[in-house]
Amino acid sequence: MTKNTGTVLNYHDRTKHRLDRYAKGPESIDWEDQPDAFRRFSGCDIVTLPKPGAELDPLFSDLDKPDIIQPQPLSLVNVGLLLELAFGLSAWKQFGPSRWALRCNPSSGNLHPTEAYLISTGNDFIQSGVYHYISHDHSLERRCQFQDNATDPGLLIGLSSIHWREAWKYGERAFRYCQHDTGHALGALYYAAATLGWSVELLADWSDDDIANVLGLNRSDDFKTQEHESPDIICRIHTETDSKPIDIDGLLEAAQSGTWFGKADSLRAYHLYKWPIIDEVSLAASKPRTTEPDWQAVQQPLIKSACTKSATAIIRQRRSAQQFDGKMQPIPIIDFNRMLAAVLPTTAVFKHWRWPPKIHLFLFVHRVEGLASGIYALPRSQDAVENLKAATLTDFDWQKVSEAFPFYHLYSGECRQIAKTLSCHQPIASDSAFSLGMVAEFSETIKASPWLYRRLFWECGLIGQVLYLEAEAAGLRGTGIGCYFDDSVHEVLGFKGDQFQSLYHFTVGKPLEDKRLETLPAYEHLV
Ligand SMILES: Cc1cc2nc3c(=O)[nH]c(=O)nc-3n(C[C@H](O)[C@H](O)[C@H](O)COP(=O)(O)O)c2cc1C
């Protein structure tokens, strides 16, 4: 085992929540001291994006077949819409004097460690260069101006994480949540692009250093040390006009010879606690330049969604449920089946995910029409079924429930209490229609290359984003659950050792609104 693999495995084990001890985090939190959720760079030119909030025609159900959506022209209006639908504000919430923003992409603790950048080359509506998106203002800060505006047209989106923003509240476990959030942001970008008739190409070969160099994240003088940004993902956005492949070295050269502007403002939080293990695991799990496969599952038609809302409406209404109606009627089986089928690698969403599935779902079904309460499994690849069967409790019967997709019954019995206990005693895991754990093919994946630790969480976040939107489309609501007792989950399912590990939980049900909270429009403050 390499040293980096050891560091990653050790980090994972050390940041497990256990029934008798949570992973190491701050002993106290001063809410007045919360890091600023909106990064700004002082000293940059600002490009104000056209007014947010535009509606587009495609229905959410049209996204099952994105090829039928007429591509929108590449313009500043539509680039603004792409950024808004992926990472922009969706509403403000107010309770007494407290006011906080929600965004189209969710985030653990609403801390939003993910930052988004736009790179544009050879487009006439914006100067070629690197721009940082400020979701609060719906504007771009020009971080770098490329010298040559005449290169081939290209549009890229880069994602990075400010680990400190998350660690401020969650301590050592925060690195995991940052990776989940990156996966959610990637999913949010996919849906935003598909709504515009555009597509996302994950530039999976790039190393972290490549991404950092292009986005300017390695310009250490521009960032306060503990508030630096770590590179995560870079994607090309395909609109109707572009086609030539992106030349990594050409872009790196453009960034190196470009003129850089601005310094990141301090996030204004006092760094009372330090979590050096996060920098250690981040380094050990950094991605080298690689040649990645372009793996794709054969596409299968999805059970049609009954949702008649537009894609823009569903994207903007997405929220996390804080509470569910524990007395709800069971949800229709057809809606349940649609939500599950939507996370399989055979759907349009996963066409941009370059790798074979490594994440499989184990569900605690509480209230689904025609299904006995109990534990079920949705292996996301046929190849994994035998290994999962062999690794889980021998009592599980692994009876196939549906011929249409790989859904198996394991055990019948009320499991609300156990689901709640496993998810850090949170009632959202038991008052829902169903909750689930996302189980990764873990040790073999990490041993192949430690950076894949991050990719496993990204895959979980991507699945979570699909579930969030599918839940809204079914008239329900979802919530991501990062707080769960890792090894207790493994024990209940029968997993021993680290061949399989649960990396994320999720729950879907009928939400109860908190009437004490006022909801305000996303961008009224810009008018
Ligand atoms: C990775 C991740 C983990 C989360 N974990 C929990 C959790 O354990 N409990 C919970 O109530 N909400 C959890 N949430 C929901 C967030 O609190 C929510 O996304 C955030 O407050 C923003 O609200 P919104 O999703 O309505 O935009 C999680 C969300 C994400 C993305």
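Just so it is clear, the values below take in all heavy atoms, side chains as well, and ignore hydrogens, waters and symmetry mates. Counting convention: from 1, in listed order, for ligands and their atoms alike. Nothing fancy with the numbering, it's 1 onward along the sequence.
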Minimum side-chain heavy-atom gap N78-W198 below 4.5 Å: yes

Per-atom contacts, ligand 1 versus P106 - under 4.0 Å to a heavy atom: 19 (O), 25 (O)

Ligand-residue contact atoms, ligand 1 with I481, heavy atoms, under 4.0 Å: 5 (N), 6 (C), 7 (C), 8 (O)

Check each heavy atom of H180 against ligand 1 and say whether those closer than 4.0 Å belong to the side chain, the backbone, both or neither. side chain

For atom 27 (O) of ligand 1, the protein heavy atom that lies nearest, with its residue and separation: R318 NH2, 2.8 Å

Give me the residue, atom name and distance of the protein heavy atom closest to atom 16 (C) of ligand 1. S107 O, 3.4 Å

Tell me the protein heavy atom at minimum distance from atom 2 (C) of ligand 1, and give that distance in Å. Y504 OH, 3.4 Å

Quick one: look up the protein heavy atom nearest atom 4 (C) of ligand 1 and list residue, atom name and how far away it is. G480 O, 3.2 Å

Please could you name the atoms of ligand 1 that R319 approaches to less than 4.0 Å, counting only its heavy atoms? 26 (O)

What protein heavy atom is closest to atom 3 (C) of ligand 1, reported as residue, atom name and distance in Å? G482 N, 3.5 Å

F95 ring centre to R516 NZ or CZ under 6.0 Å, with the angle to the axis within 45°? yes

Close aromatic pair by centroid cut-off 6.0 Å: F87 and H112: no

So, is the end of the R18 side chain (NZ or CZ) under 6.0 Å from the ring centre of Y484 and within 45° of the ring's axis? no

Could you find the nearest protein heavy atom to atom 15 (C) of ligand 1 and give me its residue, atom name and distance? S320 OG, 3.5 Å

In terms of the angle between their ring planes, are W92 and F38 parallel, tilted or perpendicular, with boundaries placed at 30° and 60°? tilted

Ligand 1-proximal atoms of Q322, by part, heavy-atom distance under 4.0 Å: neither

Can you tell me which portion of T479 lies within the under-4.0 Å heavy-atom range of ligand 1? Options are side chain, backbone, both, or neither. side chain

Starting from atom 17 (O) of ligand 1, locate the nearest protein heavy atom and write down its residue, its atom name and how far away it is, to 0.1 Å. G109 N, 3.7 Å

Which class fits the ring pair Y453 and F175: parallel under 30°, tilted 30 to 60°, perpendicular over 60°? parallel

shortest atom 21 (O) of ligand 1-to-protein heavy-atom contact is with N110 CB, 3.5 Å

Under 4.5 Å between any side-chain heavy atoms of L82 and I157, yes or no? yes

Which of the numbered atoms in ligand 1 are under 4.0 angstrom from any heavy atom belonging to C483? 8 (O)

When Q179, H180, R173 are each screened for side-chain hydrogen bond (donor to acceptor under 3.5 Å, both in side chains) with Y177, the one that passes is R173

Give the contacting part of H184 toward ligand 1: side chain, backbone, both or neither, where contact means a heavy-atom distance below 4.0 Å. side chain

Options S108, C460, G461, A101, ranked by nearest heavy atom to atom 29 (C) of ligand 1, top entry: S108

Of the listed options Q426, R103, R176, closest to atom 9 (N) of ligand 1 (non-hydrogen atoms): Q426

Run D181 and R165 through salt bridge (charged side-chain N to carboxylate O under 4.0 Å, His left out) and show every step you take. CA-CA 12 Å; D181 282 9; R165 248 200 211 128; over 6 Å; no

Numbering as shown, the atoms of ligand 1 that approach D181 to under 4.0 Å (heavy-atom distance): 1 (C), 31 (C)

With K287 as the cation and W451 as the aromatic partner, state whether NZ or CZ is under 6.0 Å from the six-membered ring centre and within 45° of the axis. yes

Find out whether the Lys NZ or Arg CZ of R319 is both under 6.0 angstrom from the six-membered ring centre of Y468 and within 45° of the ring's axis. no

Which of parallel (below 30°), tilted (30 to 60°) and perpendicular (above 60°) describes F336 and F407? perpendicular

